[in-house]
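Residue numbers count from 1 along this sequence.
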Amino acid sequence: MNAACRNANRLAEDAAALLESGRYPSALALAVLAIEEAGKISILRRLAIAMSESEWADAWKEYRSHTSKNAAWMLPAMVQSGARKLEDFRPLFQRDAEHPYLLDMLKQVSLYTDCLGRAHWSVPEEVVDEALARTIVSIARVLAGSPNHTEKEVALWVEHMAPAFASEDYDYMKQALLRWQSAMQASGLSSSQDNMEAFLGEGLQINWDHRHPDPPQPKVPHSRSTPH
């Protein structure tokens with residue numbers, strides 16, 4: 001988890017350097033890779049609580065999937081739109097969500113020329129402009145996180161969250177999250193119990209920094225085949 005965090009930050013910093021050099025397509029592509037690295041954290045948590053061979057295999061399959069790792073990229077846009085509590089963010093991880101495929105498609109058109117749709121030739125410099133690249137790089141830097149995960153944190157996660165995931169009871173899972181956060185606080189690993197309670201209940205109070213770019217609404221040419 002810490003290795004993924006460190007690498008996500010490295011990629012995000014490299015993307016920012018390319019951005020300031022005017023290399024917008026390459027900056028966007030690296031930023032997407034940073035988002036994918038950061039997305040490994042939640043999947044590694046799932047691996048930690050896998051209770052069967054099939055759950056273990058499913059988690060590893062997600063770990064190898066680009067679209068499974070980039071699902072959180074719309075989180076800043078959802079916060080900007082008013083999302084504040086756990087229920088508000090559930091659409092991020094729905095299996096039929098389109099936004100992971102959009103980001104993966106953006107990565108592809110940032111790296112390669114291709115013939116898309118009805119003989120439309122896609123060229124990275126023509127698809128990715130500064131505004132779009134700056135937005136994705138900003139998101140990558142937000143999601144990269146800090147490499148401060150510990151064995152104790154993961155052990156507490158297994159203790160409190162494994163039974164909740166096994167039950168598939170959403171209310172039970174929320175209570176398990178509170179117990180995990182309380183145990184983290186008691187172990188000196190966290191001091192944000194009030195924030196967790198707000199996140200699961202009435203919602204966090206967030207002052208969004210409107211200096212950040214608006215969430216991207218790119219017009220990407222349709223591929224010869226669907227991203228699914």
Side-chain angles (χ1 to χ4, degrees), residues 1-13 15-16 27-49 58-108 110 132-149 153-154 157 161 165 170 173-174 177 180-181 192 195-196 198-200 203-204 206 208-209 212-218 220 227-228:
M1 291 165 74
N2 289 326
C5 273
R6 285 191 292 269
N7 202 39
N9 278 280
R10 179 188 66 84
L11 289 166
E13 290 170 5
L28 189 149
L30 270 189
V32 174
L33 295 182
I35 292 168
E36 292 176 2
E37 277 291 278
K40 290 178 177 178
I41 305 302
S42 61
I43 298 174
L44 289 168
R45 289 192 187 281
R46 283 195 56 200
L47 272 168
I49 60 173
D58 287 344
W60 270 120
K61 183 178 179 181
E62 289 192 9
Y63 186 87
R64 301 298 181 192
S65 164
H66 298 296
T67 52
S68 293
K69 295 195 292 280
N70 75 20
W73 79 278
M74 286 296 291
L75 188 149
M78 295 182 73
V79 171
Q80 190 177 29
S81 299
R84 294 294 184 271
K85 54 187 178 180
L86 182 62
E87 286 87 348
D88 298 337
F89 297 97
R90 293 182 76 178
L92 282 176
F93 303 101
Q94 290 176 344
R95 291 189 179 277
D96 59 350
E98 293 289 334
H99 66 277
Y101 299 98
L102 172 60
L103 189 65
D104 193 60
M105 189 181 298
L106 278 176
K107 180 179 66 177
Q108 299 298 323
S110 295
L132 178 57
R134 195 167 293 279
T135 297
I136 302 300
V137 171
S138 176
I139 291 170
R141 299 184 81 168
V142 169
L143 296 180
S146 301
N148 55 7
H149 302 284
E153 170 195 343
V154 177
W157 178 263
M161 298 307 300
F165 273 85
Y170 187 64
M173 194 171 297
K174 290 198 293 185
L177 273 171
W180 173 69
Q181 184 64 37
S192 55
N195 283 345
M196 179 63 79
F199 181 56
L200 297 176
L204 293 169
I206 300 175
W208 179 257
D209 185 352
H212 285 282
D214 292 333
Q217 299 296 331
V220 181
H228 299 284

inquiry  = To the nearest 0.5 Å, what is the distance between CG on D58 and OG on S65?
reply    = 12.0 Å
I139 and M74: CA distance, side-chain angles, deciding distance, side-chain contact (heavy atoms from CB on, under 4.5 Å) verdict = CA-CA 8 Å; I139 291 170; M74 286 296 291; over 6 Å; no
query = Can you list the steps and then say if H66 with Y101 is a side-chain contact (heavy atoms from CB on, under 4.5 Å)?
reply = CA-CA 9 Å; H66 298 296; Y101 299 98; over 6 Å; no
key: A38 versus A8, closest heavy-atom pair with distance   = N-CB, 3.9 Å
request  = Give, for atom CD1 of I43 and atom NZ of K61, the distance between the pair rounded to the nearest 0.5 Å.
outcome  = 12.5 Å
note = Scanning both residues in full, the closest heavy-atom pair of L143 with W73 reads CD1-CA, 3.9 Å
key: pair R141-V137: side-chain heavy atoms closer than 4.5 Å   = yes
key: Least distance between heavy atoms, M161 atom then W180 atom   = SD-CB, 4.4 Å
query = How many angstroms lie between CD in E36 and OG in S68, if you round to the nearest 0.5 Å?
reply = 10.0 Å
query = About how many Å separate CZ of R46 and CD of E62, when rounded to the nearest 0.5 Å?
reply = 4.0 Å
message = Between H99 (side chain only) and A71 (backbone N and O only), is there a donor and an acceptor less than 3.5 Å apart?
response = yes
ask   = Ignoring hydrogens and geometry, is there a side-chain-to-backbone donor-acceptor pair from N2 to N148 under 3.5 Å?
value = yes
message = With a 3.5 Å distance limit and no angle check, can you tell me whether K40 reaches the backbone of M1 through a side-chain donor-acceptor pair?
response = no
Plane angle bin for F165 and W157 - parallel if under 30°, tilted between 30 and 60°, otherwise perpendicular = tilted
query = Could you go step by step and tell me if K69 and R64 meet the side-chain contact (heavy atoms from CB on, under 4.5 Å) rule?
reply = CA-CA 8 Å; K69 295 195 292 280; R64 301 298 181 192; 5.5 Å; no
inquiry  = Are there over 12 heavy-atom neighbours, none belonging to R45, within less than 6.0 Å of that residue's CZ?
reply    = yes
ask   = Between the side chains of N7 and R10, is a donor N or O closer than 3.5 angstrom to an acceptor N or O?
value = yes
For A34 against A140, the heavy-atom pair lying closest together = CB-CB, 4.0 Å
ask   = Are any of the side-chain heavy atoms of H149 and V154 separated by less than 4.5 Å?
value = no
note = Interatomic distance, CG@L102 vs NZ@K107, rounded to 0.5 Å, equals 12.5 Å
query = Do N9 side-chain atoms and C5 backbone N/O form a donor-acceptor pair below 3.5 Å?
reply = yes
message = Strictly distance-based, threshold 3.5 Å: is any side-chain N or O of N70 a donor or acceptor partner for the main-chain N or O of I35?
response = no
inquiry  = To the closest 0.5 Å, what do you measure between CG (L28) and CZ (R134)?
reply    = 12.5 Å
